[in-house]
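Values reported hereafter were calculated over all heavy atoms of this structure, with side chains retained and with hydrogens, waters and symmetry mates removed. Every chain is numbered from 1 and lettered A, B, ... according to where its sequence line falls, protein lines coming before strand lines.
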Amino acid sequence: MLEKTYDPKPVEEARLAAWEAAKLYKATAGTAVPFTIVIPPPNVTGALHIGHALNNTLQDAFIRHQRLRGRPTCWIPGTDHGGIATQNVMEKQLKAEKVDRQALGRAAFLERMQAWTRDCKKTILGQLRRLGCSLDWEREAFTMDEARAKAVFVAFKTLWEKGLIYRGERLVNWCVRCGTALSDIEVEREERKGGLYHIHYKLEGGGEGAVVATTRPETMFGDTAVAVSPKDSRWTHLVGKKVLIPFISRAIPVIADAHVDFEFGTGCLKVTPAHDQADWEIGQRHGLPAIKAIGPDGKLTEAAGLYAGLSREKGRDQVIADLESTGLLRKKEDHKSAVQVCYRCGSVIEPLLSLQWFVKQIELAKPALKALDEGQFKIYPSNWTKPYRDWLVNMRDWCVSRQIWWGHRIPVWYKDGAEPRVSLESPGPGWTQDPDVLDTWFSSALWPLSVFGWPDKTADLAYYYPTSTLVTGYEILYLWVARMQMMGLAFEGKVPFSEAVIHGIVRDRGGKKMSKSIGNVIDPLLMMDKYGTDALRFSLMAQAHPGRDIAFDEQSVLAARNFVNKLWNSTRFVLMNLPESSKGVRYQLEALSSARLELADAWILSRYQATLAKAQLHLDAYEPAVAAEALYAFLWDEFCDWYIELAKGRLTGAEGVEKEAARTILVGVLVGTVKALHPLMPFVTEELYGALKPFVGETTEFILNGGYQTAARDWSNPAAEKEMGLLMGAVTSIRSLRAQLNVPLGLKIKALASGPLAADVVGKHNSYVSLLARLEILQASVGPRPAQSATAVADGVTFYVPLAGLIDFTKERERLAKDLVKAEGDIGKCEAKLNNLTAAPNVPAEKIVEAKSQHEAAVARSARLKETLAVLSWP
RNA sequence: GCCCAGUUGGCGCAGUGGUAGCGCGUUCCCUUGACAUGGGAAAGGUCAUAGGUUCAAAUCCUAUACUGGGCACCA
């Protein structure tokens, strides 16, 4: 016998152990097209957060769903070494221990990183297990393990040989804090307040000179020109002359360039090719030299004269102060500008001229564009397609070298006087390897290939590649998704996955981004501890509308927990009503005799079928929220609240075919629903399935081994759904009357039915209505409405409930008057619709029939309410 | 600046042309043999605004406002 409330902990532990022991998640193969997902490998930076819980629950739900539909499935687990992010974590640890990274040395540092990675992987993979992820654990991969290192090397070498990788001195995004270059998409923009400074540059040899406007005065020591717009008559007289940089008095030419906007600032732009992208381009056009005013350490260089050695920030303050005191600062305006910051540490990016490795993008992007335009690759929801496409079209070369230690070391060796060589090992004495490592996204880009053993032509690669779907957040659409497409097409000629499912971010209750500094982060483990894994999963899935962010409220996990418990208890109820002796009797829906079905039976079977179809359809379409909603509403509002209550009539009665029919439907519908819920809440459903399966003659050990319940019969029954709907309305009307007139439950009441449906209600469905509305007697009303009675009006039937001495007639009149207002409103709406339809051409006849019956029903309801009110005025 | 989403009861969200729904919360009643993690009842929204298309608009179109996001930026 099941416990009274569901206790997740022991069930989850037992199920995890059983699944693991049975190697249930081992990838399956078969003749059908496999459904394959590679996990977006979490960085080994710490524990999983709620976003990971969302991402992985989605994947697990899709994988389980496809497997239950009968497809071979494969879901690959793994982790990412995470480059800068992970190195930052380690650096923080070292700082706390007061250890200097440089003093520690590269080898010792990497050893510590390996140890950290081992621990972290264990944590992350353990958390994925706990979340119930049906990952094929034997295929665990890491972006820096041996197999993946081989893939990285071969990819690098191949690109090198094709001439798609080059080394060159370019202006790159430099993070001063991380001490490394970043790619363009690793840079974020933040609006910050600052100043716009108007600085006077004197004319060489005397004269007025120019006034430039800049937000970065400290870079002036790197200026190599002043540019004005060719159309700007204010400054044309200066073009060709030279001006002097303040303090260092280096002379620089005044040039004309169309890039300059003469309406901005003073119309004079100082050109610093070594520290600004636009200036770099002007420099290229005019053959200007690039002089570095700021070094990789973020400090002003020798070029800054007396200011050398100051940090960027201090240098700026000092320069401004000195300009002011020397009268060269002509004006200072407040100015908002979008500064670039490092996506990992948030510090301000310094555009810096440096020697880096780049991957040419144009040729790689072309096949990716083609795949998109020809429909080989689709993005869900589709509104991300355009940004993705635009990015592919406009991308610049990808800077792949990083000046950190943690990562795949660039496999290029140098020797004086020799051409550099690409090699894993040292080519011989005297060769030194490039000290830099590759961008972590380089290995991530190869992930769908490398997890299947690429570059080797493995059987796995042949069978599982291309994979089916990639599930990820929109924040790494360019960083990762696009690059996988490019690499997959470049190396295997096929898209790595034909669909990308883009989900949103989990935010806090108020819609704010979760962050440790604000302190609004939700720990998924805590939620699992408190409410159970299934509750967390269901809560996330119920809110996971494609591409939309989730405002996460702990209340929703509580609600999901309650739903899990509802499922648990409905199963408990059904089991209680199945005689132990019937284990093996095989209750089967297929065997039911249609002639013996009651209205409620036909109704619930019809609803059951429609619900399962809806849930599957939406899981196919990657819309788990709709599936979750449908199953939730069916199980709770229809199966439990109505069907179980009605079945109680037969279950408490004598043994016989009617009772057996009720048992068959209860257990059959429940088993099917449990299986349908399995992708969303694997633990509790597995447990319940274990308890239910003996009664339906199933011996499959786990739900995943069996598959969804397949319908051998078509239960669809619109007539039963409609009739049941009327009956439910009738029941609700009496319940409402009871509640509003405060008729105590203990009071035995009688109801008299009149109206067109009265005969049916009293004849065929007497027991249903009596049971659910708690009536002592339900009879047809003969003669006039009894005095001293309350009235409940439903579609097709009116009930009189004699309540001598109990009714407050004023209250009753108020109640009915309110109903009347609503009924009249309905008539208005129905009338408008009917008039519209009859006046309009080309309206299908059945639409008019439907509108007519709706109108008639509303009119009838209103008429009966009016009658009653009239009678009530003289009780 | 360009582009994309969103705007529906207190909160969070469904709802792609035909009488506005759900969950949570709120109010009242109820411990009746599955479940108080429960049951019943009720209150609460002219679906951001202004136009338009249509017999009929939360739903389609246009504009505006606000919010969020993507991209590109004036140094």
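- Rounded to an integer number of Å, the gap from A/D819 CG to B/A42 P is 9 Å.
- In this structure, A/H259 reaches the B/C74 phosphate: one of its side-chain N or O atoms is under 4.0 Å from OP1 or OP2.
- Contact annotation for A/A338: base contact, defined as any heavy-atom pair under 4.0 Å involving a base atom.
- Rounded to a whole Å, the CD atom of A/E3 is 15 Å from the C1' atom of B/U37.
- Closest to the A/K566 side chain, of the nucleotides B/G39, B/U37, B/G18, is B/G39.
- The separation between A/D223 atom CG and B/A75 atom C1' is 11 Å, rounded to whole Å.
- B/G51: Watson-Crick or G-U partner is B/C61, with both key distances under 3.5 Å.
- Considering only side-chain atoms of A/N562, the nucleotide from B/G18, B/U37, B/C71 that sits closest is B/U37.
- Among the atoms of the strands shown, base atoms are found under 4.0 Å from some heavy atom of A/A840.
- Within 4.0 Å (heavy atoms only), A/R738 reaches no atom of the nucleic acid at all.
- Among the protein residues, A/K818 comes within range of the sugar-phosphate backbone only, with heavy atoms under 4.0 Å from sugar or phosphate atoms but none that close to a base.
- When the P atom of B/G23 is taken as reference, atom CG of A/L631 falls 15 Å away, rounded to whole Å.
- In this structure, A/Y478 reaches the sugar-phosphate backbone alone: every heavy-atom distance under 4.0 Å involves primed, P, OP1 or OP2 atoms, never a base.
- Of the candidates B/A42, B/U19, B/A34, the closest approach to any side-chain atom of A/S736 belongs to B/A42.
- If you check B/G18, B/G39, B/A43 against the side chain of A/K847, the one that comes closest is B/G18.
- Using a cut-off of 4.0 Å between Lys/Arg side-chain N and Asp/Glu carboxylate O, A/E645 and A/K648 are scored as salt-bridged.
- When Watson-Crick and G-U wobble pairs are counted only if both distances are under 3.5 Å, B/G38 pairs with B/C30.
- Not one side-chain nitrogen or oxygen of A/H335 sits closer than 4.0 Å to the OP1 or OP2 atom of B/C74.
- Relative to the side chain of A/K833, the nucleotides B/C74, B/G18, B/C22 differ in distance, and B/G18 lies closest.
- Base pairing annotation: B/G6 forms a Watson-Crick or G-U wobble pair with B/C66, both donor-acceptor distances under 3.5 Å.
- If you take CG of A/D641 and P of B/C22, they are 13 Å apart, rounded to a whole angstrom.
- For B/A14, one of the phosphate oxygens OP1 or OP2 lies less than 4.0 angstrom from a side-chain nitrogen or oxygen of A/R548.
- You'll find that the side chain of A/S570 is closest to B/A34, out of B/A34, B/U37, B/G39.
- At the heavy-atom level, A/D390 lies nowhere under 4.0 Å from the strands shown.
- Of the candidates B/C55, B/U19, B/A5, B/U19 carries the atom nearest the A/D826 side chain, counting heavy atoms from C-beta on.
- One side chain, A/Y474 or A/D549, offers a donor N or O that lies under 3.5 Å from an acceptor on the other.
- Of the candidates B/G18, B/A75, B/C35, the closest approach to any side-chain atom of A/E645 belongs to B/C35.
- Nearest nucleotide to the A/F264 side chain, out of B/A34, B/G69, B/C74: B/C74.
- Comparing B/U19, B/A34, B/A41 by their nearest atom to the side chain of A/K829 picks out B/U19.
- The aromatic ring centres of A/H275 and A/F221 sit 6.0 Å or more apart.
- Contacts of A/D261 with the nucleic acid, taken as non-hydrogen atoms under 4.0 Å apart, include base atoms.
- Residue-environment remark: CZ (A/R509) stays at or below the threshold of 12 foreign heavy atoms within 6.0 Å.
- Not counting sequence neighbours, A/Y643 has no partner by the ring pair (Phe, Tyr, Trp, His ring centres under 6.0 Å) test.
- B/G1 is paired with B/C71 under the Watson-Crick or G-U wobble criterion, all donor-acceptor distances under 3.5 Å.
- Residue A/K648 has a polar side-chain atom (N or O) positioned under 4.0 Å from OP1 or OP2 of B/A34.
- Ring-plane geometry between A/H335 and A/F264 is classed as perpendicular, the angle between the planes exceeding 60 degrees on a 0 to 90 degree scale with a lower cut at 30.
- Going from atom CZ of A/R572 over to atom C1' of B/A36 covers 13 Å, rounded to whole Å.
- One C1' atom belongs to B/U64, the other to B/C24, and the distance between them is 34 Å to the nearest Å.
- Note on A/Y632: only backbone sugar-phosphate atoms sit closer than 4.0 angstrom, heavy atoms only; bases stay farther off.
- Looking at heavy-atom distances under 4.0 Å, A/A213 makes contact with a base.
- Map A/W636 and A/V626 each onto its nearest nucleotide of RNA chain B; the residue landing nearer the 5' end is A/V626.
- Nearest heavy atoms, A/N565 versus A/K4: OD1-O, 4.3 Å.
- Within the nucleic acid shown, A/T732 comes within 4.0 Å of sugar-phosphate atoms alone, with no base atom in reach, counting heavy atoms only.
- B/G21 sits 10 Å from B/U8 when the C1' atoms are compared, rounded to a whole Å.
- Within the 4.0 angstrom heavy-atom criterion, base atoms lie near A/R561.
- In this structure, A/L196 places its CG atom 9 Å from C1' of B/C74, rounding to the nearest Å.
- Here B/C35 presents its C1' atom at 11 Å from CZ of A/F573, a figure rounded to the nearest Å.
- For the C1' atom pair drawn from B/A72 and B/C3, the interatomic distance equals 10 Å after rounding to whole Å.
- In this structure, A/K659 places its NZ atom where more than 12 heavy-atom neighbours from other residues, nucleotides or ligands lie under 6.0 Å away.
- Applying the Watson-Crick and G-U wobble criteria (two distances, each under 3.5 Å), B/C13 pairs with B/G21.
- When only modelled atom types and interatomic distance are considered, A/Y343 and A/E186 share a side-chain donor-acceptor pair under 3.5 Å.
- Between A/T214 and A/W384, the residue whose closest nucleotide on RNA chain B is further toward the 5' end is A/W384.
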